[in-house]
Amino acid sequence: QVQLVESGGGSVQAGGSLRLSCAASGRTFSSFAMGWFRQAPGKERDLVATISWSGSSTFYADSVKGRFTISRDNAKNAVYLQMNSLKPEDTAIYYCARDGWVYRNYLAVTVQDYAYWGQGTQVTVSS
């Protein structure tokens, strides 16, 4: 069974930074792409960023491009999301997720493509 545990959320003022971490259990972490999603109250869960199983490819939502950076450390079974220049509209619960396909050769961008999810971590950005 795969378990994903997020950490690093919190409250920050606009313009500040946070770094989210996601620790994954299991021996096959390096075989799957990983993604970060977020969900604000009353809104759908949307992709923030995704990274390929090798770490060589990344994709970002337009709203975070240039401000957020996704990375992974396969030796530590971990994926990270560095968030800079935070805005109030970044306020949401952030979820870590693992792709449902092993060695997918393109980056999956929909919720349905991801098979395992963490419990989420709250990020609140005040103006």
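Computed from heavy atoms alone, side chains included, the values below leave out hydrogens, waters and symmetry copies. Keep in mind that what you see is a predicted model, and the values were worked out from it rather than measured.
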Residues passing the side chain to side chain contact (heavy atoms under 4.5 Å, CB included) test with K65, sequence neighbours excluded, are Y60, D62

More than 12 foreign heavy atoms under 6.0 Å from CD of Q3: is that the case here?
no

With sequence neighbours left out, which residue pairs that include part of residues 22-33 fulfil the side chain to side chain donor-acceptor pair (under 3.5 Å) condition?
S31-Y103

Hey, would you say the F68 and W36 ring centroids sit under 6.0 Å apart?
no

I'd like to know if the side chain of T91 reaches the main chain of T124, judged simply by a donor and an acceptor atom lying under 3.5 Å from each other, with no hydrogens or angles considered.
no

What is the minimum heavy-atom distance between Y114 and A108, and which atoms define it?
OH-O, 2.7 Å

Test of understanding: clusters of I, L, V, M, F, W, Y form through side-chain heavy atoms closer than 4.5 Å, transitively. Do M34 and Y116 belong to the same one?
yes

Hydrophobic cluster (4.5 angstrom, side-chain heavy atoms) - remaining members for W101:
Y106

Counterpart residues, ring pair (Phe, Tyr, Trp, His ring centres under 6.0 Å), relative to Y94 (two or more places apart):
none

If you apply the rule side chain to side chain contact (heavy atoms under 4.5 Å, CB included), what do you find for F59 with L47, and how did you get there?
CA-CA 9 Å; F59 174 85; L47 178 72; 3.7 Å; yes

Considering all heavy atoms, the nearest S127-A14 contact:
CA-CB, 4.3 Å

Any side-chain heavy-atom pair of W117 and L4 under 4.5 Å
no

Non-hydrogen side-chain atoms of S7 and T121 separated by less than 4.5 Å
no

Let me have the donor-acceptor pairs involving side chains of residues 73-87, under 3.5 Å, with sequence neighbours excluded, atom names and distances please.
from: D73; atom 1: OD1; to: A75; atom 2: N; distance (Å): 3.1
from: D73; atom 1: OD1; to: K76; atom 2: N; distance (Å): 3.4
from: N74; atom 1: OD1; to: R72; atom 2: NE; distance (Å): 2.7
from: N74; atom 1: OD1; to: R72; atom 2: NH2; distance (Å): 3.2
from: N74; atom 1: ND2; to: W53; atom 2: O; distance (Å): 3.3
from: N77; atom 1: ND2; to: A24; atom 2: O; distance (Å): 3.4
from: N77; atom 1: ND2; to: G26; atom 2: O; distance (Å): 2.7
from: Q82; atom 1: NE2; to: N84; atom 2: OD1; distance (Å): 2.9
from: N84; atom 1: OD1; to: S17; atom 2: OG; distance (Å): 2.9

Okay, side chain of E6, backbone of Q119: is any donor-acceptor separation there less than 3.5 Å?
yes

Using the side chain to side chain donor-acceptor pair (under 3.5 Å) criterion, which residues pair with Q39? Sequence neighbours excluded.
R45

Are the side chains of R38 and I93 in touch, meaning some heavy atoms are under 4.5 Å apart?
no

Restricting to non-hydrogen atoms, name the atom on D113 and the atom on D99 that form the minimum distance, rounded to 0.1 Å.
O-OD1, 3.1 Å

